[in-house]
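Below is one structure, written out as structure tokens; comments come after it.
From a predicted model like this one, the values you see are computed outputs, not experimental measurements. Hydrogens, waters and symmetry mates play no part in the numbers below; they use all other heavy atoms, side chains included. To find a chain, count down the sequence lines: A is the first, B the second, and so on, and within it residues start at 1.
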2 protein chains.
Amino acid sequence: MNMTELQLSSNTAKVSDFLQTISAQPRLEIILTIGANEACVCHLEAFLGQRQAYISQHLMALREAGVLTARREGRFIFYRLADLELLDLIRHAARLAGVSIDSLGVSEQISSPGCECPKCMVDAPALITLV
Amino acid sequence: MNMTELQLSSNTAKVSDFLQTISAQPRLEIILTIGANEACVCHLEAFLGQRQAYISQHLMALREAGVLTARREGRFIFYRLADLELLDLIRHAARLAGVSIDSLGVSEQISSPGCECPKCMVDAPALITLV
DNA sequence: ATAATACATTCAAGATTATGAATATGACAG
DNA sequence: CTGTCATATTCATAATCTTGAATGTATTAT
């Protein structure tokens with residue numbers, strides 16, 4: 001009988017699990033990088049400067065928590081936030097954490113050096129930037 | 001150079017630290033038990049059915065994160081949320097986590113069996129109940 | 001069919017955190 | 001100034017999480 005099983009029994013535990021899933025720093029960064037757009041793994045890899053397997057591991061956790069949805073297009077898999085209100089939650093948390101949110105609008109298109117997928121040449125990447 | 005020091009360098013890391021501090025289940029329970037009121041350790045101990053040292057450890061973490069403020073009154077120390085908006089953040093998270101928030105109003109006074117401090121006989125304990 | 005690309009999964013070791021036990025401190029009563 | 005109560009702190013260990021390495025799978029190109 002481990003902690004995870006016990007936690008699933010109460011609603012407080014569900015909130016705890018949810019928050020713990022999204023709040024790990026690399027996951028917050030993934031969420032903020034995806035923002036209101038779609039992003040493929042190669043884009044996240046290039047943008048965050050992390051290895052593919054590492055990104056995939058966190059994407060898997062976020063997918064299992066229902067935070068992300070995935071869509072395959074040819075060889076690429078595009079991830080999107082299941083609920084954009086998650087961005088509001090993070091803004092809310094940032095405010096309480098005393099962090100200044102410098103840019104809240106949809107940011108300009110980023111060149112995404114290192115990612116050659118079709119979407120990376122089109123989409124704007126981040127909705128929130130925590131500088 | 002450990003992880004904690006690295007995390008302190010970016011704002012994303014501050015949000016991550018903040019969320020991770022509050023999202024551990026016993027800490028969420030403490031926060032929800034305190035709600036909009038004050039609570040002494042003995043009350044939390046009785047209400048949550050945990051040992052004193054255990055409660056104090058989590059209170060210490062929450063205090064260091066700036067989430068709680070403490071006030072001494074004689075032998076008792078009363079804790080209060082530093083910012084009541086934290087309760088809104090938790091409501092927000094509960095919604096995104098698909099958890100039904102059954103009672104959002106200030107709950108009735110609870111008998112707090114096991115806690116004899118003066119406040120426990122007066123205050124209402126919880127603002128949110130996640131059943 | 002083979003190779004290459006994009007991504008997923010597994011596994012184990014290291015790092016971190018959570019927890020219980022023991023002990024310390026600070027305030028008040030006597 | 002001694003004891004007791006309320007709370008804080010320290011410490012060691014168990015549990016968990018993170019991370020990197022290696023490998024697997026699905027899709028497309030040749």
Quiz item: Relative to the 5' end of DNA chain C, which residue comes earlier, Arg75(A) or Tyr54(A), by the nucleotide with the nearest heavy atom?
Solution: Arg75(A)
Exercise. Using only side-chain N and O atoms of His58(B), determine if any of them is under 4.0 Å from OP1 or OP2 of dT19(C).
Key: yes
Exercise. Write down the distance between CZ (Arg51(A)) and C1' (dT19(D)), rounded to a whole number of angstrom.
Key: 10 Å
Quiz item: Within the structure, does a side-chain N or O atom of Arg63(B) lie under 4.0 Å from either OP1 or OP2 of dT9(D)?
Solution: yes
Quiz prompt | Student check: side-chain heavy atoms of Ser56(B) and Val41(B) closer than 4.5 Å | solution = yes
Quiz item: What is the distance, rounded to the nearest whole Å, between atom CD of Glu45(A) and atom P of dT19(D)?
Solution: 16 Å
Quiz prompt | Under-3.5 Å donor-acceptor pair between Gln57(A) side chain and dT10(C) base | solution = yes
Quiz item: To the nearest angstrom, how far is Arg71(B) atom CZ from dA6(D) atom P?
Solution: 16 Å
Quiz item: Would you say Tyr79(A) reaches dA8(C)'s phosphate, i.e. side-chain N/O to OP1/OP2 under 4.0 Å?
Solution: yes
Quiz item: Does dA6(C) have OP1 or OP2 sitting under 4.0 Å from an N or O in the side chain of Arg72(A)?
Solution: no
Quiz item: Using a cut-off of 4.0 Å on non-hydrogen atoms, how would the nucleic acid contact of Ala53(A) be classed: base, sugar-phosphate, or nothing?
Solution: base
Self-check item: Separation of atom CE in Met60(A) from atom C1' in dC17(D), rounded to whole Å
Solution: 13 Å
Self-check item: Polar side-chain contact Gln52(B)-dA6(D) base: donor and acceptor under 3.5 Å
Solution: no
Practice problem: State whether Arg27(B) places a side-chain N or O below 4.0 Å from either non-bridging phosphate oxygen (OP1 or OP2) of dA18(C). | Solution: yes
Quiz item: Do the side chain of Thr69(A) and the main chain of Ala82(A) share a donor and acceptor less than 3.5 angstrom apart?
Solution: no
Quiz item: Nearest-Å distance, CG (Leu59(B)) to P (dA6(D))?
Solution: 16 Å
Quiz prompt | Result of checking Leu44(B), Leu48(B), Ile30(B), Thr21(B) against His58(B) for side-chain contact (heavy atoms from CB on, under 4.5 Å) | solution = Ile30(B)
Quiz prompt | Candidate nucleotides dC28(C), dC7(C), dG20(C), ranked by approach to the side chain of Cys42(A) - the nearest | solution = dC7(C)
Quiz item: Can you tell if the side chain of Tyr79(B) reaches within under 4.5 Å of the side chain of Ile55(B), non-hydrogen atoms only?
Solution: no
Quiz item: Do side-chain atoms of Arg95(A) reach the backbone of Ala97(A) as a donor and acceptor pair under 3.5 angstrom?
Solution: no
